Novice: 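Take a look at this one; I'll ask things after.
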2 protein chains.
Amino acid sequence: MPPSPPPEEGSLEDRFPVARDVARLAGVSTSTVSRVFNGTAAVRADKRDAVLKAAEELGFVANGAARALSMRRFMAVGAVVPNIENEGFLRTLSSFQERLRRDGYTLILTNAGYDLDNEWQEASFLLERGIDGLLLVGDLHRPALLERIARQRIPTVQTFTLSAARPCVGFDNLAAAGRAAQYLLDLGHRRIGVITGIRKDNDRSGARVAGIVHALAARGLTINPAHDVETSHGIAAGRDALRQILSQSTPPPTAIICGTDQLGFGVMIEAQSRGVAIPGDLSLIGFNDADYAAFLTPALTTIRIHAAEIGQVAAEHLLARMAGRSVVRLTEIAAELIVRGSTAPPRPSMDNA
Amino acid sequence: MPPSPPPEEGSLEDRFPVARDVARLAGVSTSTVSRVFNGTAAVRADKRDAVLKAAEELGFVANGAARALSMRRFMAVGAVVPNIENEGFLRTLSSFQERLRRDGYTLILTNAGYDLDNEWQEASFLLERGIDGLLLVGDLHRPALLERIARQRIPTVQTFTLSAARPCVGFDNLAAAGRAAQYLLDLGHRRIGVITGIRKDNDRSGARVAGIVHALAARGLTINPAHDVETSHGIAAGRDALRQILSQSTPPPTAIICGTDQLGFGVMIEAQSRGVAIPGDLSLIGFNDADYAAFLTPALTTIRIHAAEIGQVAAEHLLARMAGRSVVRLTEIAAELIVRGSTAPPRPSMDNA
DNA sequence: CCGGGCTATGATAGCGGTTTCATAATGGCC
DNA sequence: GGCCATTATGAAACCGCTATCATAGCCCGG
């Protein structure tokens, strides 16, 4: 219950000016005020000026809720991302927001924390709010959410993935990771390890691992389960992961592909502190091309994702659909392997002939 | 022509269910539906169940705009930050959003790009939208914005700063930077340099530089203008800045304080590539304690900001004011100097006796 | 100078909720 | 069982804007 609404009379000083106040002061009707502000119909110049002057004087600001209610348009789009703090999502959101803003839309942001039930809750929350469009990450969502989106007919776009099921702006995670694995294979690596964040509820991680497995399989190879670790995210997690891999008695991998550059950085640090040379003893590939990836020693080979482009294209997709224009359902954004110093052929050894 | 012919149950499938549909199906009035969903008054158990069942069946979702209009509450707060992609702001926003969410508020986010005119535009945009509260960064804003906030009586909180003028959750930039300078002075440094991002429209950068100047002045020292550089942000900018400083003919600084850890990282890389030893030849202090700061070699001495705490406290502040509760105007969040390996006493030399 | 087609304007009916306020149903108590 | 104090309920009045529609003004050709 809002705080005690004092029985104020319209002293105009303690109450927001509304369209009627402007209309009265300008000597016109509220319809005309509306027309002036929305340009929905011609208004004689002198009246328009009077309205603008009155509005200026009163400090009139149209009430967004009333407007949204009347127009049945909220002029806001929502985004539910697994982790707001992730640099990649952020670059995407930043350009997404900027593009939307240019068309007068606001961005409402919420965090799902890599949990699908949470995603469903957060998205519902936004949907209740009346958002006109929705951005999601990935292709994996609770059926209830998909159902609701369909029912409310909310234009939705999925990012960081490509899927035939729903409109997407992203890249092929499986292929991208496959390319990284292929590159390592071509260098001569045979024992390849993988480190990723949590894979549950995350189709991107899953697809990436699958891509690597697939590429190896084509050469009759597999990932040694001891070299396949799923951890949390962050630099420390990367360190721990390498420690875990190296603590196994099996021969260590000669190359590792990480789910993010942060994990890669962690691996690098742990390797350094153990005297494991990169890329001499261990080749390393990250994912995302974080701002510092190029500056590590050695510079980190990684897969560059054009995150900002994803955001912009996703915004344009949504904008088009919200305006009733037709759109392409799938836009592939390049994910290129950037070869830097952290990868090299493995040292010749007996089992790597 | 008779007035609007009652659109007799348009197949109900092509139109959102509204409260009246639920009411009709449950055999109650819309008032009761509203009461059930808001718990504003007691409703007999059987009716409540009927309403809930009907709502469930129809997939009813209250229209947020109508709700906001009639309650004169939007249940949304806005945040205008200089740079969405900045890690520090992000950690703050993340916890800010999370805390708001728990009370049913949504976060509307927009980017000002380190430009006050832009900030004023973006904030106005949000204010028009009807946000119930606003988060800003810093104490420096266009008077027009402050005026509008006052006029609309929108609870507003400033972050990353402490100022008597308006409610704040943050820290004393001047003192924090002063402490860093003091530490370097205590180590014996006399020639101290500064590298920050753009200072125009940014009171935080300004205050930090002032803090350093102040600390030096207390010892009768000044910053050599050639050692005081203002640049953009990012690792590359840090590299360039050090390059610029070292290209001067003056004796180089023995220590540098950077406005962010990213700049610090850049300095470190450039130093490395030039054979300038850190901390031997050059001590280095960053700002923010980025996730990787502790992992650089040497680990970066920096000022740690509890960004997440700022967000949480700011949210609580706003929540309290929006609920009409009283609040403390100023909350200081610690900004501690974290001493790591990048700082040490200067090498003894003639002019550093 | 008049009628016909335009255009600018105002009155008014929603949009979909919440919230009085009056009334109907209920319950407690003697 | 009757009476009064509660409590639950529905009708209707908003909230502030946009959209529809009828009308008042206007210009112009005949």
Side-chain angles (χ1 to χ4, degrees), chain A residues 1-5 7-8 10 12 15-24 26-51 55 58-75 127-130 132 152, chain B residues 1-7 10 12 15-24 26-51 55 58-75 127-130 132 152:
Chain A
M1 185 167 47
S4 53
E8 53 201 280
L12 235 186
R15 162 173 87 68
F16 289 144
V18 299
R20 225 178 58 220
D21 300 321
V22 175
R24 202 174 303 152
V28 300
S29 72
T30 62
S31 321
T32 299
V33 173
S34 167
R35 282 190 274 257
V36 167
F37 279 95
N38 298 292
T40 48
V43 171
R44 233 172 50 207
D46 58 334
K47 299 223 172 200
R48 179 184 25 257
D49 293 346
V51 168
L58 296 173
F60 167 73
V61 180
N63 177 314
R67 195 158 211 259
L69 177 58
S70 180
M71 300 204 302
R72 257 144 303 190
R73 268 279 194 110
F74 193 47
M75 293 303 281
L127 256 12
E128 282 171 30
R129 276 299 210 269
D132 303 309
Q152 291 197 216
Chain B
M1 184 158 165
S4 46
L12 230 184
R15 155 175 94 67
F16 288 146
V18 298
R20 225 182 45 227
D21 300 320
V22 175
R24 202 173 303 152
V28 300
S29 72
T30 61
S31 325
T32 299
V33 173
S34 167
R35 284 191 271 258
V36 167
F37 279 93
N38 298 293
T40 48
V43 172
R44 234 172 49 207
D46 58 335
K47 298 223 173 199
R48 176 181 31 254
D49 293 346
V51 168
L58 296 174
F60 167 73
V61 181
N63 177 314
R67 196 152 208 264
L69 177 58
S70 88
M71 298 205 304
R72 260 141 282 156
R73 269 269 199 121
F74 194 49
M75 294 303 280
L127 255 13
E128 281 172 31
R129 277 299 212 267
D132 302 310
Q152 291 196 218

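These numbers were taken from a predicted model, which means no experiment stands behind them. In what follows, every chain begins at residue 1, and chains take the letters A, B, ... in the order their sequences are listed.
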Novice: Determine the minimum heavy-atom distance between A/T30 and A/A23, stating which atoms define it.
Specialist: N-CB, 3.7 Å
Novice: To the nearest Å, give me how far apart CZ (A/F37) and C1' (D/dG16) are.
Specialist: 14 Å
Novice: Which atom names give the shortest non-hydrogen contact between A/L58 and A/P17, and what distance separates them?
Specialist: O-CG, 3.3 Å
Novice: Expressed as a whole number of angstroms, how long is the span from B/L69:CG to C/dG14:P?
Specialist: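 Rounded to the whole Å, the gap is 17 Å.
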Novice: Starting at the 5' end of DNA chain D and moving along, which residue's nearest nucleotide shows up first, B/A66 or A/S34?
Specialist: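 On the 5' side of the pair lies B/A66.
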Novice: Once you apply a heavy-atom cut-off of 4.0 Å, does A/F60 come out as touching a base, just sugar-phosphate, or nothing?
Specialist: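 Sugar-phosphate: the residue A/F60, judged by heavy atoms under 4.0 Å, touches backbone atoms but no base.
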Novice: Donor-acceptor check, side chain of A/R129 to backbone of B/M75, threshold 3.5 angstrom: yes or no?
Specialist: yes
Novice: I need the CG-C1' distance between A/D21 and D/dG16, as an integer number of Å.
Specialist: 11 Å
Novice: Side chain of A/A62: nearest nucleotide among D/dC17, D/dG16, C/dT19?
Specialist: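 The listed nucleotide nearest to A/A62's side chain is D/dC17.
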Novice: How long is the line joining CE of B/M71 and C1' of D/dG16, in whole Å?
Specialist: 16 Å
Novice: Nearest heavy-atom pair of A/A65 and B/L69: which atoms, and what distance?
Specialist: CB-N, 3.7 Å
Novice: Determine: side-chain N/O of A/N63 to OP1/OP2 of D/dC15, distance under 4.0 Å, yes or no.
Specialist: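 So the side chain of A/N63 is outside the cut-off, no N or O lying under 4.0 Å from OP1 or OP2 of D/dC15.
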Novice: Just how far is it from atom OG of B/S70 to atom CG of B/N63, taken to the nearest 0.5 Å?
Specialist: 10.0 Å
Novice: Between the main-chain N or O of B/F74 and the side-chain N or O of B/D132, is there a donor-acceptor pair closer than 3.5 Å?
Specialist: yes
Novice: With a 4.5 Å limit on heavy-atom distance, are the side chains of A/L127 and B/V61 in contact?
Specialist: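 When only atoms from C-beta onward are counted, B/V61 and A/L127 do not touch, as no gap falls below 4.5 Å.
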Novice: Work out how much the helix from C/dC1-D/dG30 to C/dC30-D/dG1 bends between its end axes, five pairs an end, to the nearest 10 degrees.
Specialist: 40°
Novice: Identify each atom pair where a protein N or O and an N or O of nucleotides 8-10 of chain C are less than 3.5 Å apart, giving names and distance.
Specialist:
unit_1	atom_1	unit_2	atom_2	d
C/dT9	OP2	A/R44	N	3.0
C/dG10	OP2	A/S29	N	3.0
C/dG10	OP2	A/S29	OG	3.2
C/dG10	OP2	A/T32	OG1	2.7
C/dG10	N7	A/R35	NH2	2.8
C/dG10	O6	A/R35	NH1	3.4

Novice: Tell me the interatomic distance from B/R20, atom CZ, to D/dT9, atom C1', rounded to whole angstroms.
Specialist: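 It is 18 Å, rounded to the nearest whole Å.
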Novice: Name all residues meeting the side chain to side chain contact (heavy atoms under 4.5 Å, CB included) criterion together with A/V43; count only those two or more places apart in sequence or in a different chain, and write none if there are none.
Specialist: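 For A/V43, the residues satisfying side chain to side chain contact (heavy atoms under 4.5 Å, CB included) (neighbours in sequence not counted) are A/T32, A/R35, A/V36, A/K47, A/R48.
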Novice: Between C1' on C/dT19 and CZ on B/R67, what's the gap in Å once rounded to a whole number?
Specialist: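 To the nearest whole Å, that distance equals 13 Å.
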Novice: Rounding to a whole Å, what distance do you find between B/F74:CZ and C/dT18:P?
Specialist: 15 Å
Novice: For B/Q152 and D/dG16, give me the distance from atom CD to atom P, rounded to whole Å.
Specialist: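 Distance, rounded to whole Å: 13 Å.
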Novice: How far apart are the closest heavy atoms of B/F60 and B/A19, and which atoms are they?
Specialist: CE1-N, 3.3 Å
